[in-house]
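See below for the structure under consideration.
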Amino acid sequence: MIMHRQMAHSSTLNPAQRKAVETTDGRVLILAGAGSGKTSVLTHRIAHLLSHHQVPPQAILALTFTNKAASEMRHRIASLVDSKLARHLTLCTFHSFCMQVLRKEIERLGYTSAFTLYDEKDVKRLVQHMARHMLEHEGSLPSLEPTLAKISAAKNRGESVLTVGELATWHDRFSAELYERLQGCMRAYNAVDFDSLLSLTNQLFEEFPDVLTRYQNRYQYIMIDEYQDTNPTQYRLASLLSAKHHNLCVVGDDDQSIYGWRGAEIQHILQFEAPSIIKLEQNYRSTPTILHAANAVIRHNKERHDKELWSHAEPGELIELFHAPNDADEASAIVQRMIKLHERERIPWKEIAVLYRSNALSRPLEIALIEAVWQKEGQWVRGIPYQVFGGTELYERSEIKDLIAYLKTISNPLDEEALLRIINLPRRGISDQTLDLITKTNRQTNIPLFSVLEGLAKADPQFDHLSQQLSNRAHAGIKSFVQLLQKYQTLFAPSTSSPRALHTSLKEFLQEIDYEKAIADDVKSDKMRSFKWENVLHCVENLRNYEEEMLEKDTSPSLVDFLSTTMLDRDQWTHRDQSFREDQVNLMTFHSAKGLEFTACFLAGLEDHIIPHEKSLLETGVEEERRLMYVAITRAKRFLYMSMARHRKRMGQEAESAPSRFLFEIPKDLIKIVPWKIA
DNA sequence: CGTCAGCGGGTTTTT
DNA sequence: CCCGCTGACG
């Protein structure tokens, strides 16, 4: 045992890290500053539990916010311990954990285990439909933005009713009514959204103590990553699960809490009661100059745990700050310096990032990158390779959404939102008018839409009245639609006698509905056509990959599971095959940069109104904006540039802007103010 | 069923 | 100013 304490794998840890790894029991708070080796600590801690305390992997639960974090941790653990052990850990996002629980237990709450998952857009669409239906006698719809905001805030708090302002205004009452109906509707559709994935799990645990006890007994050790980002529902879940063994270890950094506007509660990490509070303050990422600047800025916040990043390294370069006349000049000045870094300091493009507060600021930068002229292996070339994070993603594309809607309808015919999306796609003569008639019957009788369609298809006398009102064309369309769905419900059904690959069925399905032609009919340009079709094929490829993965894991693949995995892991759509490791400059928001690091960072548009964002000042307050600035600064390893423009177009108008107030919080001796034009 | 004009809105985003 | 959505019209 004593020999094991000096196990090779933990010998690289510093004393604070080691303490964090070895404090296994009870409530533990690990305050992990930016770049302090948080992932290392978490993975070593889990490895330590497994190999040193012989905790079975099934008894460990580690929850993260992103799939990326979960899979990175799993890989790193697998390199520390027997990979068989690593495989049996429950290490996943909050959402996929709840998905797993609900797939097994949701029938207690009146859903079926084939429930489908809605994303925000799906919910929004549904809310719009419902609002239109509720107010069909009114002239025009009120703006749904405030309603959606209220509903989303309530969901984040795990509240199933709106009690905003005692429902004083008409709009409040309307929102409350809509929220109530929305939940009824989701239930009827057998659909769950991202937020209710969490709140339903809590509800399940609260209403069925026997279920809770099972999970409490199983998970002796619970760890939560990025604890500063937990919202009340996640907090509740952690409390429920850890209430038996009380071995709850939370890891995070209050200074990096930047998701308050999405319901995250910084108070959770500020007020976490624990006998052991461990601070990781030694930074392995940035130069002391950069760290001093970051510390100086964040010191101005009141709501925080006291801590300060430090490093043994050489002080490093000063932070360069420049003020350009306008945004285009700022962008080209950034690109000029970037070329210098690449050519003189040999910094690869992928080690360079430009970070900005909001996506709208990326335009001028892209233009400057495209127009840039530089020397590649002695040749003059035009254009620096770059990638912008967070554009319109593949999964948002209509051809994919339509295809997914088809698969949702096949696996859960109660999902009327999905059904209505594809009922006339490709066109099969079911017009809006026809649909109106059918949905009216569906609403009046409370018979699910798909059952009405089935009834019509087999001429069930119950629907004679409705049937008479429909055209022959509509009849034919409905009949073929119902047959199509029934056929593929069987083909995609799990564990039929002849095990058939899902992607084979999908290919056959695409052929049968002639989706390629449907896309071709819909789109003018050839380029767009092939692009869309490629996206569809990519989707088939995803399904095939999924099936392979499942077979490797000895789990049986299913359409339902594929759909939820797909919805819960959007990375598979973006960074799977393409370019992730390519040598490209990175453009992204401060928010998306969290967790990443680059040798050189350019922080662009550091102007008051942009950072701190004036709208955000009113909502989440100046401290969250300061944390955002802190996150941005701490992304840089060696070179940090800060810049702003004196004039910038704002809402169409040219306007003057002032330097960000946060710049004045950085000690002058860390900054070198340089002319924007490079000599 | 598809196209176009007029209108509102414009911060951050993962699951 | 530029975008996306809605609703009216062909």
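Note that these values count all heavy atoms, side chains included, but never hydrogens, waters or copies made by symmetry. A note on names: the letters A, B, ... follow the listed sequences, proteins ahead of strands, and every chain is numbered from 1.
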Set out, line by line, the N/O atom pairs under 3.5 Å between protein and nucleotides 8-10 of chain C.
none

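For the pair A:D119 CG and B:dT15 P, the computed distance is 13 Å after rounding to whole Å. With rounding to whole Å, A:K121 atom NZ is found 12 Å from B:dT14 atom P. Between A:H129 atom NE2 and C:dC5 atom C1' there is a gap of 13 Å when expressed in whole angstrom units. As rounded to whole Å, 18 Å separates atom P of B:dT14 from atom NZ of A:K155. Rounded to an integer number of Å, the gap from A:D122 CG to B:dT15 C1' is 13 Å. Spacing between atom CE of A:M588 and atom P of B:dT14 amounts to 11 Å, rounded to whole angstrom units. For A:R363 and C:dC2, the CZ to P distance is 11 Å, given to the nearest whole Å. Summarising the geometry, the separation between CG on A:L63 and C1' on B:dT14 is reported as 15 Å, rounded to the nearest angstrom.
Between A:N67 and B:dT14 there is no side-chain N or O to OP1 or OP2 distance below 4.0 Å. Dashed line: the shortest gap from a side-chain N or O of A:Q128 to OP1 or OP2 of C:dC5 is not under 4.0 Å.
In this structure A:F602 satisfies the ring pair (Phe, Tyr, Trp, His ring centres under 6.0 Å) test together with A:Y641, sequence neighbours excluded. In this view, A:F65 and A:F94 satisfy the ring pair (Phe, Tyr, Trp, His ring centres under 6.0 Å) rule, not counting sequence neighbours. Residues that satisfy the salt bridge (Lys or Arg N to Asp or Glu O under 4.0 Å) test with A:D225, not counting sequence neighbours, are A:K38. With sequence neighbours excluded, the residues forming a side-chain contact (heavy atoms from CB on, under 4.5 Å) with A:D253 are A:D255, A:Q256, A:K307, A:Y630, listed by chain and number. In terms of the salt bridge (Lys or Arg N to Asp or Glu O under 4.0 Å) criterion, A:K615 has no residue partners (sequence neighbours excluded). For A:H75, there are no side-chain contact (heavy atoms from CB on, under 4.5 Å) partners, not counting sequence neighbours. Taking the salt bridge (Lys or Arg N to Asp or Glu O under 4.0 Å) definition, one finds that A:K553 meets it with nothing, sequence neighbours left out.
Using C1' as the reference atom, C:dC2 and B:dT13 are 22 Å apart when rounded to the nearest Å. For the C1' atoms, the distance linking B:dT11 with C:dT6 amounts to 24 Å, nearest Å. B:dT14 sits 24 Å from C:dC3 when the C1' atoms are compared, rounded to a whole Å.
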- Message: What does the B/S/- profile of nucleotides 7-13 of chain B look like, 5' to 3', with a 4.0 Å heavy-atom cutoff to protein?
- Response: ---BBBB
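When only modelled atom types and interatomic distance are considered, A:D193 and A:S196 share a side-chain donor-acceptor pair under 3.5 Å.
We find that A:E654 and A:R648 are not joined by a salt bridge, their nearest charged nitrogen and carboxylate oxygen being 4.0 Å or further apart.
Looking at heavy-atom distances under 4.0 Å, A:F194 makes contact with a base.
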